[in-house]
Amino acid sequence: QVQLVESGGGSVQTGGSLKLSCAASGFTYNAACMGWFRQAPGKEREWVAVIYTGVDTTYYAASVEGRSTISRDKVNNTLYLKMNSLKPDDTAVYYCAASTSSYCGNKYQVLRNGEGLRYWGQGTQVTVSS
């Protein structure tokens, strides 16, 4: 069965950095896209960064672009998110998600909140204090 397991979350101070990992297993094919999403208390889930694997293209939400890097280890099928210059607004539960092998999903929906992605991890908490 497909499984995504996030790790690397924790509590950091404003301006700090962290690197999240998402270990994927159970896939018979590579996902068409994989990404990171987050949900803060009292807020809707929002996208952070997404990789369209077929065209090797990455996208970043405006709130994190310039200070975040999404990457993928193709051999070990692990997705990473490196975030620098963390702010209290980055506090959220961070989820990784993946699509089917053939189709990522509606791009507008994916690059909003990940709606349509099939597989999701359990999330890892990131807390940024001022």
Item to complete: Report the C-alpha separation of Tyr52 and Lys107 in whole Å, then their side-chain angles, then the decisive distance to 0.1 Å, and conclude whether the side chain to side chain donor-acceptor pair (under 3.5 Å) test is met.
Response: CA-CA 10 Å; Tyr52 281 76; Lys107 190 172 183 178; 5.6 Å; no

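Applying the disulfide bond (SG atoms under 2.5 Å apart) test to residues at least two apart or on different chains, the pairs with a partner in residues 78-130 are Cys22-Cys96, Cys33-Cys104. Sequence neighbours left out, not one pair with a member in residues 34-70 passes disulfide bond (SG atoms under 2.5 Å apart).
No more than 12 heavy atoms of other residues, nucleotides or ligands shown are found within 6.0 angstrom of CD on Gln122. When the shell of 6.0 Å around CD of Gln125 is examined, it contains more than 12 heavy atoms from other residues, nucleotides or ligands.
Considering OH of Tyr103 and CZ of Arg118, their distance stands at 12.5 Å, rounded to 0.5 Å. Considering OH of Tyr60 and CH2 of Trp47, their distance stands at 9.5 Å, rounded to 0.5 Å. Summarising the geometry, atom CZ belonging to Arg112 is positioned 10.5 Å from atom CG belonging to Asn106; distances are rounded to the nearest 0.5 Å. Taken to the nearest 0.5 Å, the OH atom of Tyr119 stands 9.0 Å off from the CD atom of Gln1.
Taking the side chain as every heavy atom from C-beta outward, Glu44 and Asn113 never approach each other to under 4.5 Å. For the pair Leu18 and Tyr94, the minimum side-chain heavy-atom distance is 4.5 Å or more. The closest side-chain heavy-atom distance from Phe27 to Leu4 is below 4.5 Å. Residues Leu79 and Ile70 have side chains in contact (heavy-atom distance under 4.5 Å, counting atoms from C-beta outward). Inter-residue side-chain proximity for Ser129 and Gln13 is flagged as met; some heavy-atom pair is nearer than 4.5 Å.
In this structure, Ala97 and Phe37 approach most closely via the heavy-atom pair CB-CE1, 3.9 Å. In this structure, Val2 and Gly26 approach most closely via the heavy-atom pair CG2-O, 3.6 Å. Nearest heavy-atom pair, Lys74 versus Arg72, reported as atom, atom and distance to 0.1 Å: CE-NH2, 3.4 Å. Closest approach of Ala31 and Ala98 over heavy atoms only: CB-CB, 3.9 Å.
Hydrophobic clustering, with ILVMFWY side chains joined whenever heavy atoms are under 4.5 angstrom apart, groups Leu111 together with Leu117. Grouping the Ile, Leu, Val, Met, Phe, Trp and Tyr side chains by contacts below 4.5 angstrom, directly or via other members, places Val50 apart from Leu20. There is no path of hydrophobic side-chain contacts, each under 4.5 Å, that joins Tyr95 to Val126.
For Asn76, the side chain to side chain contact (heavy atoms under 4.5 Å, CB included) partners at least two apart in sequence or on another chain are Asp73, Thr78. In this structure, the side chain to side chain contact (heavy atoms under 4.5 Å, CB included) partners of Ser102, at least two apart in sequence or on a different chain, are Thr100. Remark: Tyr80 pairs with no residue by the ring pair (Phe, Tyr, Trp, His ring centres under 6.0 Å) rule, at least two apart or across chains.
Thr53 places a side-chain N or O within 3.5 Å of a backbone atom of Ala32 that can act as its donor or acceptor partner.
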Donor-acceptor contacts under 3.5 Å from residues 81-93 side chains, at least two apart:
residue	atom	partner	partner atom	Å
Lys82	NZ	Asn84	OD1	2.5
Asn84	OD1	Ser17	OG	2.9
Asp90	OD1	Arg38	NH1	2.9
Asp90	OD1	Arg67	NH2	2.8
Asp90	OD2	Arg67	NH1	2.9
Asp90	OD2	Arg67	NH2	3.2
Asp90	OD2	Lys87	N	2.8
Thr91	OG1	Pro88	O	3.0
Thr91	OG1	Val128	N	2.9
Thr91	OG1	Val128	O	3.4

